[in-house]
Amino acid sequence: MEGERKMNEIRPSFLRGFLALTYRELKKWLNDPIMIVMLILQPLIWMGLLGKSINIQGLFSAENIEIPSEIILPGIATIPPSQGFIILNGTYLSRIFEDIGSKIMQSIFGVEDYFSFMSIGMISMIVVMTTMFSGISIVWDRRLGFLDKVISTPVSRAAIIFSKIANSTLRAIFQASVILALAYLLGLRISNTFTIMNILGIYLAIFLMSAGLSSIFIAFSIRSTRVERPMQLINLIMMPLIFSSNIFFPTELMPNWLQAVVNINPITYLTDAIRQLTIMEINVQALIIDFIYLSIFATILTVIGIVLSWYYLTK
Amino acid sequence: MKVIEAENLTKIFNKSLIAVDHISFSVYEGEIFGFLGPNGAGKTTTINMLITLLKPTEGRASVLGFDVVKQANEVRKVIGVVPQEFTADEDLTAYENIMLCASLYGIPSNIAKDRAMELLKLVELIDFKDKRVETFSGGMRRRLELACGLINRPRILFLDEPTLGLDVQTRAAIWDYIKLLKEEYNMTIFMTTHYLEEADVLCDRIAIIDHGKIIKIGKPSQLKDSLGGDIITITISGNEDITDVIKEIKNVKEVRKENSTYRVKVENGEIVAPLIIEAIRKRNYIVTRLSLTKPTLNEVYLECTGRAFRDGNDSEDFKFKRLHLWRARGK
């Protein structure tokens, strides 16, 4: 034993530690079938109930607009003469309304059906929720002593933080893929600019969002002695964050003061990027702006988050 | 050779709560060194400073010559830690937990695999290696913690309350492992405990710590001797004072009288007790009751800390302090 004990066999490397810790997170997660079912059910419920219940294009559909098939307008008509009224074809009129409705939907929402618009919003929402909640696991690691054990080994402190970020990001990407697939089955209409490569773009956008948001949440959670703290924070900021974005409704129709808020909310850019990559025709300029904004957001928050966590872990 | 040296090691939480108060001690290679003290005495805080989890507020400590603050990463490579809590991941199997530890140390996986099996055999968990830890009993978890702490072949093993909450058989098994590590691998072991018999059976040297200060330090036998011998308690019928009679006997050091009961401090109690009985009988008094107490660490401990256990009768102030310690440590 004495002879075997060579000091150089202990070579802590960032990559080894990072992979081992990430593997642990994923294993914990995938070992739990109920968790996986919940992860799929949750977006399904959101999309199926909320996405389908708010049926905005229904407002304009021919079946819902009850115009009598014959509308008699009083007045003096010249052609044909002598009858004293005109008959409009109401059925035809309904169709005209529907047509106008589609045009309105197209110009406001960018797509003809609200469900498509909304399900992409759901992807953003679930990405944000999953990212925030998965940061909480570090509070448990701390309380159960796992974190102490890890930091008493020579593993790189960065590996600990990055494995948590990777875990949040992978979960978010997994859930987003599930929702996208489900939405497609439920009637999502993809645009003609959609290709398989677009999915990589979607993952990149989600990665930027998750990395930034989870870094900050991990930095906050790592300081919490109770699980309730990050929960309270999530409850506090979740709704305002979601409603002050374009998840449910396009920005253009909001009051000006709200538009200002929506336009700094990173969720808006994430949602817009994913919409362009799936249901809308790609506007290259707008898409580039989305990605630049998300990159700046991710860089700033990741740096702040990592610095704060690092400071905690090495204090 | 000194492997752990601490000088004026101090930890103050939140600028006011003194958990460890200027303690100095050394641990020598190959010995089992025990930190003995009631709950909240500062044992875990001290161990956390030595294993680089906490930075000392004042003073310094070194492990195998590496400074615990400046060369923390070197320290981490050569020590093994078995924490007080069960820290193994419940969702992973025993084998996966050990391999996770190995990866954290960056041990090449071929070496790690062999060693994991060897350690699982050592702690007798080989049959359960692919079972999830959530199905394990307390004793099995403790043994797994021990195996994880040994994965990097540490030169010094830190054990924080290694037998806390275990039943008698499991505790004995853990003691056997600890002895084995010392004897077979010449490992230095630093442990904390509040079980006196554990310290007595295992430790080569003990430091008694209370309120963040080391009160006594030495071999268990030395500490017992410092109490000054055995105690014989005698009760006689009648109220006459026979203190002088007892004092005349050889090897009697001190006599204290309470009503008709006498507490006699002597050396070699087994030999002196019959002499006392004989002397009393000669004066026509009757001995109604006699007991002989050998000094135990318990008495050393009681004399040093004032109380046996803190749990039952904490003062409000002490409870407050412990709550704060708990929070400050982030538990």
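In what follows, chains are A, B, ... by sequence order, proteins preceding strands, each numbered from 1.
Across Ser152(A) and Tyr105(B), no two heavy atoms sit closer than the pair O-OH, 4.3 Å. In terms of heavy atoms, Arg16(A) sits closest to Gly106(B) at NH1-C, 3.9 Å. Of all heavy-atom pairs spanning Pro108(B) and Arg11(A), the tightest one is CG-NH2, 3.3 Å.
Classification of Lys27(A) and Asp91(B) as a salt-bridged pair fails, no side-chain N sitting under 4.0 Å from a carboxylate O.
Evaluated for a side-chain contact (heavy atoms from CB on, under 4.5 Å) with Lys149(A), the options Leu100(B), Leu53(B), Ile51(B), Thr87(B) yield exactly one hit, Thr87(B).
For OH of Tyr184(A), the number of neighbouring non-hydrogen atoms (other residues, nucleotides, ligands) closer than 6.0 Å is 12 at most. Heavy atoms from other residues, nucleotides or ligands lying under 6.0 Å from CZ of Phe207(A) number 12 at most. In this structure, Leu49(A) places its CG atom where more than 12 heavy-atom neighbours from other residues, nucleotides or ligands lie under 6.0 Å away. Heavy atoms from other residues, nucleotides or ligands lying under 6.0 Å from CE of Met38(A) number 12 at most.
A donor-acceptor contact shorter than 3.5 Å is absent between the side chain of Arg24(A) and the backbone of Asp89(B).
Contacts between Leu92(B) and chain A at a heavy-atom distance below 4.5 Å involve the side chain alone, from C-beta outward. Proximity to chain A (any heavy atom under 4.5 Å) is restricted, for Glu145(B), to the side chain, taken from C-beta onward. Interface residue Leu21(A): backbone and side-chain heavy atoms are both found under 4.5 Å from chain B. Looking at Tyr23(A), only its side chain comes within 4.5 Å of chain B, counting heavy atoms on both sides. With a 4.5 Å cut-off on non-hydrogen atoms, Phe158(B) does not touch chain A at all.
Rounded to the nearest 0.5 Å, atoms CG (Asn31(A)) and CD (Glu96(B)) are 7.0 Å apart.
Per-residue counts of heavy-atom pairs under 4.5 Å with chain A were compared for Ile79(B), Asn97(B), Ile107(B), Val69(B); the largest is that of Ile107(B). Counting heavy-atom pairs closer than 4.5 Å to chain A, the top-ranked of the candidates Lys55(B), Arg76(B), Arg132(B) is Arg76(B).
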